[in-house]
S.K.: 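Let me give you the structure first, and then I'll get to my questions.
Not measured: the values here are computed from a predicted model. Sequence lines set the chain letters: A, B, ... in the order given, protein chains first and strands last, and positions in each chain run from 1.
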Amino acid sequence: MGLGSSGRFSVDSMNKPLPARRLSPEEQKRRRKRSLALALSLGALVLLFYVVTIAKLGPGVLQRPL
Amino acid sequence: MTLATNTLTETPTETLATAGVSQGDVSDFFALLKPRVMFLVVFTALVGMVVVHPDVNPVVAFASLLMIAVGAGASGCLNMWWDADIDAIMTRTRGRPIPAGRIAPNEALAFGMTLSVGSVIVLGLVSNVLAASLLAFTIVFYAVIYSMWLKRSTPQNIVIGGAAGALPPIVGQAAVAGYVGWESIILFAIIFIWTPPHFWALALVKSADYARAGIPMMPNVAGPDSTRRQILAYTVVLAPLGLAPVAFGFGGLAYAIIATIGGLGMLALAFQVFRVRKGEAAMRVAQQLFAFSILYLFLLFATLLAEHGLGFFRPVFG
């Protein structure tokens with residue numbers, strides 16, 4: 001697993017890709033929930049930026065010189 | 001799974017087996033933010049905002065408060081990342097996500113750093129540079145000055161480190177008013193002086209836990225009797241200080257009554273802690289002081305919030 005005989009990492013072993021491992025159903029479920037939470041957080045952030053922009057600039061946000 | 005440590009060379013094999021696959025649930029990541037501390041931060045920052053009756057858009061105020069909350073959570077996350085080794089030893093904290101092995105230390109570090117930087121930048125964009133700088137200072141003070149330096153090196157750890165927990169009203173006021181006024185400085189002082197009797201009451205009860213983890217809390221270094229004297233001394237300062245908002249005109253009649261009764265309650269319990277020094281009774285009064293101190297601070301700030309946020313303010317003088 002990337003450990004040398006001394007129990008420490010070597011640079012070469014760190015560069016090797018980790019062996020693929022199939023996720024258990026429980027891990028898949030947790031990953032789905034994490035992905036969903038991340039998506040919701042990003043969506044909320046977009047909404048927050050939009051609302052704050054309107055609040056700070058008001059209708060003037062649409063009135064800008066071309 | 002055993003404790004996943006901060007050093008690469010000591011990473012347990014079981015963690016390596018799952019490297020690249022997070023084991024944490026959403027609730028684990030939320031727990032990293034110390035939600036209860038976050039609530040206290042939001043609450044006190046909100047009071048710092050409303051006492052100055054700012055002429056600011058509610059959306060901007062809400063967004064600022066949200067970023068202060070995220071910043072506070074981020075500093076809590078960085079604290080848990082750094083303290084994972086001692087959290088694993090103490091009964092009160094061994095169930096936290098990192099010592100319990102549900103979240104890897106590097107995940108917590110990345111999570112905490114991302115939220116720290118993000119909250120400071122967004123607060124700066126939403127409100128002003130002063131508020132963002134104060135939030136950054138608060139995060140650094142808590143995560144670096146308190147967690148990495150003071151906590152394991154001096155019994156004055158929570159006295160000096162208490163400044164981090166006391167700063168939110170100042171950040172809140174700066175976010176909506178653009179300046180730091182007397183109101184938030186007084187609120188800072190109240191939380192700052194409240195912190196030692198609050199935490200030392202807990203430390204008296206959990207002194208064995210702290211000793212096992214090697215944290216130099218006051219009861220373990222100066223002894224329980226000295227701690228009891230200091231608790232009483234800080235409370236003697238705290239009780240009149242709690243009335244300072246009345247003297248400065250932003251605490252109304254309701255606040256004056258609550259602060260007087262609460263202050264007397266704190267004094268009575270601190271005196272009990274000072275007097276009762278042996279057996280179960282000593283532990284009981286320390287626990288009572290710890291619990292009452294939370295109620296006391298909550299009531300002070302809730303009353304200010306009701307007076308200024310809900311229009312219940314009735315001046316004491318004139």
S.K.: For atom CZ of B/F30, decide whether the heavy atoms of other residues, nucleotides or ligands shown that lie under 6.0 angstrom number more than 12.
M.R.: no

S.K.: Which atoms of B/N57 are under 4.5 Å from chain A, going by heavy atoms: the side chain, the backbone, both sets, or neither?
M.R.: side chain

S.K.: Only counting residues at least two apart or in another chain, list the ones meeting side-chain hydrogen bond (donor to acceptor under 3.5 Å, both in side chains) with A/K56.
M.R.: none

S.K.: Against chain B, work out which of A/L38, A/L45, A/L36, A/L48 has the most heavy-atom pairs shorter than 4.5 Å and name it.
M.R.: A/L48

S.K.: If you count the non-hydrogen atoms of other residues, nucleotides and ligands that lie under 6.0 Å from CZ in B/R152, is the total more than 12?
M.R.: yes

S.K.: By a 4.5 Å heavy-atom criterion (distance strictly below it), what part of A/A55 contacts chain B: side chain, backbone, both, or neither?
M.R.: both

S.K.: Which atoms of B/V56 are under 4.5 Å from chain A, going by heavy atoms: the side chain, the backbone, both sets, or neither?
M.R.: neither

S.K.: Mark yes when over 12 heavy atoms from residues, nucleotides or ligands other than B/M113 sit less than 6.0 Å from its CE; otherwise mark no.
M.R.: no

S.K.: Applying a criterion of heavy atom separation less than 4.5 Å, what residues of residues 176-185 of chain B form contacts with chain A?
M.R.: none

S.K.: Looking only at heavy atoms, which of residues 124-133 of chain B get nearer than 4.5 Å to chain A?
M.R.: B/L125, B/V126, B/S127

S.K.: Knowing that exactly one of A/R34, A/K33, A/R30 qualifies, which makes a salt bridge (charged side-chain N to carboxylate O under 4.0 Å, His left out) with B/D25?
M.R.: A/K33

S.K.: Sequence neighbours left out, what passes ring-ring contact (aromatic ring centres under 6.0 Å, His included) with B/F111? Give chain and number order.
M.R.: B/F29

